[in-house]
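Because the structure is predicted, anything quoted here is derived from the model rather than measured. So you know, we letter chains A, B, ... as the sequences are listed, proteins then strands, and number each from 1.
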Protein chains: 2
Amino acid sequence: MREDIHTAGVPLLCVSCEARHRGICGALNSEQLVALAKSTKRYKAKAGKELMGDSRSVERFSNVLSGVVKLTKTLSDGRQQIVGLQFAPDFLGRPFRSESTLSAEAATDVELCSFPRQALERMIKEQPDLEHRLLEQKLRELDQARDWMVALGRKTASEKIASFLLMIVRNIDPAAGPERRGAAFDLPLSRAEIADFLGLTVETVSRQITRLRSENVIRIENNRHVIVDDIERLATRAGD
Amino acid sequence: MREDIHTAGVPLLCVSCEARHRGICGALNSEQLVALAKSTKRYKAKAGKELMGDSRSVERFSNVLSGVVKLTKTLSDGRQQIVGLQFAPDFLGRPFRSESTLSAEAATDVELCSFPRQALERMIKEQPDLEHRLLEQKLRELDQARDWMVALGRKTASEKIASFLLMIVRNIDPAAGPERRGAAFDLPLSRAEIADFLGLTVETVSRQITRLRSENVIRIENNRHVIVDDIERLATRAGD
DNA sequence: CGAGGGCTTGATTGATCTCAACTGGGGTGG
DNA sequence: CCACCCCAGTTGAGATCAATCAAGCCCTCG
């Protein structure tokens, strides 16, 4: 591969960065990347780390470079709902003020590339295609949110679990084409988090996972590692 | 009001159109409006009319000028979930292809202003601010979708109903400031539709509405007309 | 007046929640 | 090195909220 042609003048930080390929940075040329990289900070966060409190850090946006970030909303009495999961190379942040509040937390260890709100907004003026990418990303998030609304509102507990596993399979390595029959991966979420994602309790999640396992739809090692031999078979359980 | 200044050269069709004020057309100047208006068609549809099937009419976008449009998703076995409601002057349509399918239907009688996909895309090239408006709108929809995910996943039946009524109050005339105590409006949805929106059954919706009524939180006339004397009191029941 | 659709109400069922006990692995400190 | 603890996960038994099944009511419309 003649990567050198495309990487001429690209900041070292960005050379192998996925956000430059599938993420929003793909809208930028070398010069613009250099400019943006000036105010860019790349860092890692441990699982559990809060990345964006209701108000804190609204002033920075990030690209997710690796790992999984969960977006949650909490009711006053503590009930929680995960309203989104972000995988690399998703864009993390809510441009232009939001009325609704949500917080972001590292679900697994994550790697982020963050930059100040202003830097992004300045860059948008210069390169409108950046805003286009942003729109595409947010449209995808909207599609996903709506798919989950169906699951939350109308699917049974076991359908929810199957849908969830399917969603992880599809995001963990989207590289693999749709023709593959099996997959293996680590769950990015604990049982409690899965429950918060699916609007269930931990116990119900556990029981349904056990059921899928005893029906040989999935195998599990170490509580976190899942092996799916026949994705189609799992898809059957998802309901849609 | 010196509307004449701002309406000079504006197509007749657009003069008093809300989309020009709060909607996406606000991004356009008179000339651009004239250009767009050439391929624009304004029309009314009766409640129940399908506006956008899974594939049909993806080639046109619309502004909702009056009335309410519901966006629904359906599982293979017929279970339905309403995943969004659009009020004037919302933009209706999914630019740039979607993987996820959804259909749009007039919930009440509606008035639409529609234009071909191409016209919009051409106009975006000329006026990037149009894309910005689109992004803002979709971000709002995303915020709303996530609020509903919390309701669907974590709220009780009666909290769901209260949240729903509250949402309608806030959308039906957002003009009225947050200081007003009461409100009266017609429900844009039937009981069955409310059920599809909240992930409940018709019976549960009916019972919970009855309960709110017997507790004097709301009054109801003709099954559709709702009077809320104390919005705060209703908000208390919504859970957040 | 009779029929049908939308809505309500009642009785019962059932999926999921709640509460509680137990298990197993990993880490800690004596 | 081992005993202990702690936490995540599992499993069981019983309670509960909403679904289901079944009438019945109230408009509107023919």
Could you give the [atom1]-to-[atom2] distance, from [X] to [N], as a whole number of Å?
X	N	atom1	atom2	answer
E221(B)	dC7(C)	CD	C1'	17 Å
N223(A)	dA8(D)	CG	P	11 Å
N222(B)	dC27(D)	CG	P	9 Å
E193(B)	dC7(C)	CD	P	9 Å
R211(A)	dT11(D)	CZ	P	14 Å

Point to revise | Passing option when K155(B) is tested against D240(B), L198(B), I161(B) for side-chain contact (heavy atoms from CB on, under 4.5 Å) | key: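 Result: among D240(B), L198(B), I161(B), D240(B) is the only option passing the side-chain contact (heavy atoms from CB on, under 4.5 Å) with K155(B).
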
Check your understanding: With the threshold set at 4.0 Å, does a side-chain nitrogen-carboxylate oxygen contact exist between D186(B) and R224(B)?
Key ->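 The answer is no: the pair does not qualify as a salt bridge.
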
Review point. At under 4.0 Å between heavy atoms, what does L200(A) touch on the DNA or RNA strands: base, sugar-phosphate, or nothing?
Key: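 L200(A): backbone/sugar contact only, no base atoms under 4.0 Å.
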
Practice item. Check every strand shown and say whether S190(A) touches a base, only sugar-phosphate, or nothing at a heavy-atom separation below 4.0 Å. Key: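 Here S190(A) touches the backbone only, sparing every base.
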
Check your understanding: Between S158(B) and R207(A), who's closer to the 5' end of DNA chain D by nearest nucleotide?
Key ->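 Whichever sits nearer the 5' end wins; that is R207(A).
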
Check your understanding: Looking at dG9(D), dT18(C), dA18(D), which one has an atom nearest to any side-chain atom of A157(B)?
Key ->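 The closest nucleotide is dA18(D).
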
**Study point:** Closest to the R191(B) side chain, choosing from dC21(D), dC7(C), dT18(C)
**Key:**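 Out of dC21(D), dC7(C), dT18(C), the nucleotide with an atom closest to R191(B)'s side chain is dC7(C).
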
Point to revise | Trace of the salt bridge (Lys or Arg N to Asp or Glu O under 4.0 Å) decision for K73(B) with D147(A) | key: CA-CA 8 Å; K73(B) 277 175 158 289; D147(A) 283 341; 2.9 Å; yes

Practice item. Using the six-membered ring wherever Trp is involved, compare the ring planes of F61(A) and F115(A) and label them parallel, tilted or perpendicular (cut-offs 30° and 60°). Key: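 Plane angle over 60°, so perpendicular.
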
Practice item. Could you tell me whether the side chain of E203(B) has a donor or acceptor atom within less than 3.5 Å of a complementary atom in the base of dC7(C)? Key: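 Answer no: no donor N or O sits under 3.5 Å from an acceptor.
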
Review point. dC17(D) base to Q208(B) side chain: any donor-acceptor pair below 3.5 Å?
Key: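 For Q208(B), whose side chain was compared with the base of dC17(D), there is no donor-acceptor pair (under 3.5 Å).
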
**Study point:** Side-chain N or O of S206(B) closer than 4.0 Å to phosphate OP1/OP2 of dT8(C)
**Key:**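 S206(B) to dT8(C) OP1/OP2: side-chain N or O found under 4.0 Å.
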
**Study point:** Any T204(B) side-chain N or O less than 4.0 Å from OP1/OP2 of dA19(D)
**Key:**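 Answer is yes, contact under 4.0 Å.
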
